[in-house]
Amino acid sequence: MIETIKAHIEEVKAFQTDTKEQLEAFRIKYLGSKGLLKDFFAEFKNVPNEQKKEFGQVINELKTSAEERVKAIQDALENKEEAKGIYGDTTRPGEAMNIGSRHPISIVKNQMIDIFSTIGFNVSEGPEIEDDWHNFTALNLPEYHPARDMQDTFFIQTNPDVLLRTHTSSVQVRYMENNKPPIRTISPGRVFRNEAVSSRSHCIFHQVEGLYIDKDVSFADLKQTLLYFTKEMFGKSKIRLRPSYFPFTEPSAEIDIYWGLKTETDYRITKGTGWLEIGGCGMVDPNVLKNCGINPDEHTGFAFGMGVERIAMLLYQIGDIRMFYENDVRFLEQFKSSI
Ligand code: PHE
């Protein structure tokens with residue numbers, strides 16, 4: 001009998017449940033008015049005298065063990081209930097995090113970098129706050145040169161030598177000062193112009209400018225490079241090089257791409273012509289090479305600069321450049337599937 005009770009004590013100590021119903025069944029089994037303890041106590045009178053002491057001890061131990069177990073499990077269940085009240089159901093699966101996406105400007109900029117990397121261009125970067133030399137003078141735009149007006153500049157306070165770069169050509173000047181030809185580099189980055197903000201232009205935008213300097217570089221090389229780029233970027237390479245003027249290149253041209261007029265956005269972006277100007281280009285002016293320590297009698301080069309926003313607008317059919325800077329989540333979320 002004593003052995004049976006000892007086995008019950010082990011069972012009681014090991015008992016575990018997380019439902020109230022099972023706990024109640026357990027309580028009734030041992031402590032109920034018709035429970036096992038009642039039976040064992042009733043047995044007491046039949047136990048031989050010499051065993052009474054030990055018998056008494058084990059049923060008491062069984063009783064306290066059962067009571068303690070019930071209390072402990074009850075407390076645990078109550079705590080869990082309380083936690084549910086405060087934190088909700090703590091076993092519920094977590095809420096999915098809203099995963100961000102790359103900005104369309106970054107997506108297009110990275111694509112452009114990839115395309116030019118394939119043909120050997122490296123990436124160079126420079127400061128957004130520039131000095132006059134790197135943004136203007138070295139680029140064949142001496143003080144009082146009328147073409148400075150083309151680039152409505154933001155100056156920092158009243159110091160005319162400190163300004164927000166108006167193009168990343170400034171990075172190319174820095175690159176030429178520090179590297180010898182052959183040079184093949186692209187300079188992606190943010191630029192600033194004090195222009196009226198409209199659906200087609202903004203005072204902050206992004207450029208990818210390219211520079212190629214070596215022996216015998218010709219305009220034909222420039223054109224081929226641009227054709228390769230437009231084919232890779234847009235899957236088509238109908239471009240137009242319109243004669244133009246930049247102080248740092250001679251001859252110079254604007255790069256237009258023929259996009260067509262399939263959608264209403266195409267009409268809006270191309271002003272109804274199907275053509276969109278995506279940048280400027282030309283053969284690097286000998287004066288610029290000289291200013292940067294390169295001998296124009298030995299080396300020639302071409303340069304180009306393209307607006308990232310323009311290209312992103314075409315590719316993603318975005319009718320208003322301002323959307324890039326408003327950070328409207330509904331707009332940005334649409335680029336989740338791209339890279
Ligand atoms: N820097 C010019 C601009 O920002 C673009 C350009 C770059 C033109 C290189 C010609 C050659 O408008």
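Every number for a ligand or one of its atoms is a count from 1 in the order of the listing. Position 1 is the first residue of the sequence; numbering continues from there.
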So, for Tyr30 and His8, is the gap between ring centers shorter than 6.0 Å? yes

Side chain or backbone, does His167 bring an N or O within less than 3.5 Å of an N or O on ligand 1? yes

Of all the atoms in ligand 1, which lie at a distance below 4.0 Å from a heavy atom belonging to Ala303? 9 (C), 11 (C)

If you take the centroid of each ring, where Trp contributes its six-membered ring, are Tyr316 and Phe331 closer together than 6.0 Å? no

Can you confirm whether or not the ring centre of His167 sits under 6.0 Å from the ring centre of Phe248? yes

With a 4.0 Å cut-off on heavy atoms, does Ser252 reach ligand 1? no

Could you check, using the six-membered ring where one of them is a Trp, whether Phe335 and His103 have ring centers closer than 6.0 angstrom? no

Suppose I only count heavy atoms of Gly305 and a 4.0 Å limit; which atoms of ligand 1 are within that range? 6 (C), 7 (C), 9 (C)

Evaluation steps, salt bridge (charged side-chain N to carboxylate O under 4.0 Å, His left out), between Lys20 and Glu78: CA-CA 10 Å; Lys20 280 184 179 169; Glu78 267 166 28; over 6 Å; no

Applying a heavy-atom cut-off of 4.0 Å, say which part of Ser169 lies close to ligand 1: side chain, backbone, both or neither. side chain

Below 4.0 Å from any atom of ligand 1, is there a heavy atom belonging to Phe248? yes

State plainly whether the residues Lys215 and Glu298 are in salt-bridge range, i.e. N to O under 4.0 Å. no

Across all chains, not counting sequence neighbours, the salt bridge (charged side-chain N to carboxylate O under 4.0 Å, His left out) partners of Lys6 are Glu54

Can you tell which of Arg193, Gln172, Met306, Glu209 gets a heavy atom nearest to atom 12 (O) of ligand 1? Arg193

For Gly280, atoms of ligand 1 separated by under 4.0 Å from a heavy atom: 6 (C), 8 (C), 10 (C)

Below 4.0 Å from any atom of ligand 1, is there a heavy atom belonging to Gly279? no

